[in-house]
Amino acid sequence: MMKTGSSRYTKNKRTMSSSTSDIISYLPCNVLEKILMCLTLRDAVRTSVLSKRWRHIWTTLPQLVFDNTFYKECTVATRNNLMMTIYQVLLQHRGPILKFTVSLMALESCPQIDQLIHFVSKNGIQELTLYFFNGGPYKLPSSLFSCGDITRLDLFSCVFKPAPGFKGFGNLLCLKLDKVVIAGDTLSSLISACPLLERLTIQRTYFNYLEIVALNLRFVRLSRLYGSICFKNTPHLARVSMHLVLPLVSKDRETSGSVMHSGTFPAVELLELDYYHLKAVVAGGVPNRHPNRLSHLKILKLHIICFEKVDEISMVLCLIRSSPNLEKIKIKISNDSSCYFSMFALDPVPEPLEVQGWSDISLNQLREVEIHRVSGTRPELDFIEVLLAKSPILERLLIKFESEEVSEESRILKELIRFKRLSPDAEITLRNREEFFACTMRKKGSSRITGTKRKMPDSTSDIISHLPGNVLDKILMCLPIQDAVRTSLLSREWRYVWVKLPQLVFDEMFFRDLNKTMHAKLLMIIYKVMFLHRGQIIKFALSLAGLESCSEIDQWILYVSNNDIQDFTLRIWKGKLYKLPSSLYTCSLLKHLSLCSCMLKPPPGFEGFTRLLSLNLDEVEIADDVLSSLISSCPLLEQLTLNNSTSLNSLEVIGPNLKSVCCFSHIRSICFTNTSHLANVSLYLKGAKDGGEISSSVVLLDSIPVIEFLELDFRYVKGLAACGVPTRLPATLNNLKKIVLYDICFDERDEVSVLICLIRSSPNLEKITIHVSSDLFFFFSLFMIVDLDFSELHGCSDVSLNQLRKVDMKNVSGTKLELEFIKLLLEKSLMLETMLIELKAENVAGESRIVEELTRFRRASPQAEMILLRIFDAASSPTFINRSVWRSCVRVLLFAAEARIQTVDGVLHPP
């Protein structure tokens, strides 16, 4: 339809979807990439079929992971099919590839992989993972050694032979090699040529000798290696784990000195060694103390140790003696039959206490000990005795037996009870594969068996119980209070967890069958919960439909007032108003206060809540001066909500930190003072106002210079217009973005004048919402002659709405003045996107006439879209007897050069 007036109707039977039905597609590209990176590559590629917007998003992802989740049919797929699929993905990809992974069970080592590595080496690769499960080891191409930006390298079943002139990876942080063919000197050179290397993992690799020089190295894990290791210049190394296999001893390099040289990692905190390593260390003899003091060592783990061999147990004691700050020891005893049968040798092994002097040893920081595969021999028990005698703050000693049937179990228990214990609270737990019993040791030697022959679950079957206390509190606070209390039945560890929760919320979720519960029983349940509670109560909420105003609530408020309450909610639903006790006004830490059906009368001398952030009063009886004084005495108050409170003559709001005010109450006059941060204001006043008092409301807007959201009803608008409406407000509302007005009558000159004044004074307005009055009087105004003209009203030529994007007009009758107002908005809104007009059926004066008028109006925005909704009562319709509302939609698309009406057939039914 051209602007000259010709019209063309186009019917479209497809219902338009809501503008909010696809929120994800309009997110920023970097957010969409984050979402797709959480998916498997297979699913990320599939998003390309969603829409044009999604077609190429996956092609810019900075990571490509080809694993078994990408190609689920990999067990039967041929190598050509796999490579073809990978090629297709790489060819469509655009941009850098920071992470690249190839780990497919069906993919064998092949030359085509060289091309893949060459491709990613030219695209800024930083993390590279290559796993080959079939065929021989894959020889890495020379292009890999040109990846100067690589930070993480993970290889499995590869051949690592750098090209001549290779100078290392200058940015490498993490290196992991598993079943990699590499020479010892090449590996040593690679490590030393990576100055930023922090984590090193080498598994199932063969070499004669490896020298590790890494200034920044912090973590080392060496597992199932064939060769000897030497650490040099590793000052920051904190965690060392070594599991060797038959260490090789060379003539020019003594294994005993090269493998264990603690001077090269003085900051080690965790040390994990195995039997082969200890054997190499003790080859040249065991000193009384280690040459270097392991002052930072906190955790010591030893594997496959035989307590029947003097050299091994002596080395264990040497390490313990050289670690004064040790906090945890974990030892797995060897189950080798030679160690077991040594129990019956003719020449007994000297006891550990007789091997070396122990008078100078101290384990002042040791808290936890675990000994696994214990067979109950004399040397093992002597070692336990030493630990108990030298550990003053030991908390837990776990002894795990190898077999299900432990011989002479009672004898072992008697021995443990007899041992001298330096720690008064040391707890010893004896456990085999299916049964356990524990003894809690007392300082005087008494013991108490806390459990016998009870089935133990798997160690990983109850992970939650071992979480920190604050984490458990967070979990329980997400549950209703009755479910949190029920967790006390889970186990002894859970019995008293809920009693320390910092919040108690008694609402409908607390007692689901509340309607069948007697009032007295309800009170008793709350009493029991509060009686068992221990510690602070930061949040307390009482909102039960079956609870009436009663004196018992005074006691509960007194209780929480003595427990550092910060968030207090009280809602009385039945009976008379509840008078708040004086104990509530002593809650100096209160931050959030919400009251319903209460009487608020502070005692003399009350100085306010100095830390209160939000105040919500619903059906609360309070005097004018008391409420004004309460608000002013809360200097940190940010949010104020008044709903259906008793009639107030005047209210003065003083809040230097106030940001939001919502008032739906009977108030004759309201005044804002010192509210420089107030951004959101909603006023729906329920009483008539006197002219003199209401005129001061214009000054109200001068007291809120940073207001962003303003919501007013017709009574307040009438108050603004009582003593005349200026062309502009005293202060321009530069920050105001949204205006909502209720029950506005366009046939009332004063109300329309206030509306124009507000619009003129808000140059950055983005959205206007107007609910037109539905009174019967205004219906008859359709047939009245009105001389009001917007073009003459205070002169609208200077009105500019350069930022207005959306307009909603509800309950429109189709009168001339309403259409004139719509015309004004269309002419003055350069960036208008959507205008929604909701027509009420009994007030509509010809829908076709309205459409014709709308298409004739001049439009400043070329993309303005107008939507007309007709709403009427369908109770009389035999088809929709049980439905209250249904909508018939007419969508009008308005363009600057061409106007086109698009009628949408069909009915939008309510959900």
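The structure presented is a predicted model; accordingly, all values stated were derived computationally and were not measured.
Within the 4.5 Å cutoff, side-chain heavy atoms of Ser628 are placed close to those of Leu651. Residues Asn734 and Asn764 meet the side-chain proximity criterion, which asks for heavy atoms closer than 4.5 Å. Within the 4.5 Å cutoff, side-chain heavy atoms of Pro28 are placed close to those of Val31. You'll find the side chain of Val620 stays beyond 4.5 Å of the side chain of Cys596, heavy atoms only. Side-chain contact between Leu595 and Leu600 is present, with at least one heavy-atom pair separated by less than 4.5 Å. Looking at heavy atoms from C-beta onward, Ile768 lies in side-chain contact with Ile759 at the 4.5 angstrom threshold. Proximity of Ile526 to Trp556: side-chain heavy atoms (C-beta onward) are separated by under 4.5 Å at one or more points. Side-chain atoms of Leu590 and Asp567, non-hydrogen and from C-beta on, never get closer than 4.5 Å to each other.
To the nearest 0.5 Å, atoms CZ (Phe540) and CG (Asn563) are separated by 11.0 Å. Note: Glu327 CD to Ile393 CD1 = 7.5 Å, rounded to the nearest 0.5 Å. Rounding to the nearest 0.5 Å gives a distance of 8.5 Å between CD1 of Ile707 and CD1 of Ile739. Once rounded to the nearest 0.5 Å, the distance linking SG of Cys663 with CG of Asn643 reads 9.0 Å. Note that CG of Leu637 and CG of Leu593 are 10.0 Å apart. Values are rounded to the nearest 0.5 Å. Interatomic distance, NZ of Lys806 versus CD of Glu766, reported as 12.5 Å (0.5 Å rounding).
Screening residues 600-611 for salt bridge (charged side-chain N to carboxylate O under 4.0 Å, His left out) gives no qualifying pairs among residues at least two apart or on separate chains. Screening residues 605-624 for ring pair (Phe, Tyr, Trp, His ring centres under 6.0 Å), with sequence neighbours left out, gives Tyr585-Phe606, Phe606-Phe609.
One side chain, Asp564 or Gln536, offers a donor N or O that lies under 3.5 Å from an acceptor on the other. In summary, the side chains of Tyr578 and Asp554 do present a donor paired with an acceptor at a separation below 3.5 Å, with no hydrogens or angles considered.
Taking every heavy atom of both residues into account, Thr673 and Glu652 meet most closely at OG1-OE2, 3.4 Å. Closest heavy-atom contact between Leu612 and Cys634: CD2-SG, 3.9 Å. Minimum heavy-atom separation, Ser561 to Ile565: CA-CG2, 4.1 Å. Between Ser583 and Ile557, the shortest heavy-atom contact is OG-CG2, 3.6 Å. The two residues Asn657 and Pro635 come nearest to each other via the heavy atoms CB-O, 3.5 Å. Shown here for Leu736 and Ser762, the closest heavy-atom pair between the two residues is CD2-OG, 3.2 Å.
Looking at Ser597, its side chain does come within 3.5 Å of a backbone N or O of Ile572 through a donor-acceptor pair. Looking only at distances, no side-chain donor or acceptor of Asp507 sits under 3.5 Å from a matching main-chain atom of Ser543. His533 places a side-chain N or O within 3.5 Å of a backbone atom of Leu501 that can act as its donor or acceptor partner. The closest donor-acceptor contact from the side chain of Ser632 to the backbone of Ser629 lies under 3.5 Å. The backbone N or O of Met477 lies less than 3.5 Å from a partner atom in the side chain of Gln503, making a donor-acceptor pair. Side chain of Thr487 to main chain of Ala484: a donor-acceptor pair is present (N/O by atom type, distance under 3.5 Å, no hydrogens or angles).
With Ile770 as the fixed residue, the side chain to side chain contact (heavy atoms under 4.5 Å, CB included) test singles out one of Asp808, Leu755, Asn811: Leu755.
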Evaluate the criterion side-chain contact (heavy atoms from CB on, under 4.5 Å) for residue pair Leu658 and Leu640; output intermediate values, then yes/no. CA-CA 8 Å; Leu658 202 60; Leu640 174 64; 4.2 Å; yes
Under the criterion side-chain contact (heavy atoms from CB on, under 4.5 Å), I'd like the reasoning laid out for Thr732 against Ser761: C-alpha separation, chi angles, the key distance, then a yes or no. CA-CA 5 Å; Thr732 303; Ser761 305; 5.5 Å; no
Carefully, step by step, assess Val772 and Ile744 under the rule side-chain contact (heavy atoms from CB on, under 4.5 Å). CA-CA 5 Å; Val772 181; Ile744 301 301; 5.9 Å; no
Please report the C-alpha distance between Ile670 and Leu683 in whole Å, then the side-chain angles of each, then the deciding distance to 0.1 Å, and finally whether the side-chain contact (heavy atoms from CB on, under 4.5 Å) criterion is met. CA-CA 9 Å; Ile670 185 169; Leu683 299 178; 4.1 Å; yes
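Not counting sequence neighbours, the partners of Ser682 by the side-chain hydrogen bond (donor to acceptor under 3.5 Å, both in side chains) test are Glu711. By the side-chain hydrogen bond (donor to acceptor under 3.5 Å, both in side chains) test, Ser594 is found to be paired with no residue, residues two or more places apart in sequence or in another chain being considered. Among residues two or more places apart in sequence or in another chain, the ring-ring contact (aromatic ring centres under 6.0 Å, His included) test is passed with His771 by Tyr742. Taking the side-chain hydrogen bond (donor to acceptor under 3.5 Å, both in side chains) definition, one finds that Glu395 meets it with Arg367, sequence neighbours left out.
Annotation: Lys659, atom NZ; neighbour count of heavy atoms from other residues, nucleotides and ligands within 6.0 Å is above 12.
Between Arg571 and Asp618 there is a salt bridge, with a side-chain nitrogen of the basic residue lying less than 4.0 Å from a carboxylate oxygen of the acidic one. Using a 4.0 Å cut-off between charged side-chain N and carboxylate O, Arg396 and Glu427 make no salt bridge.
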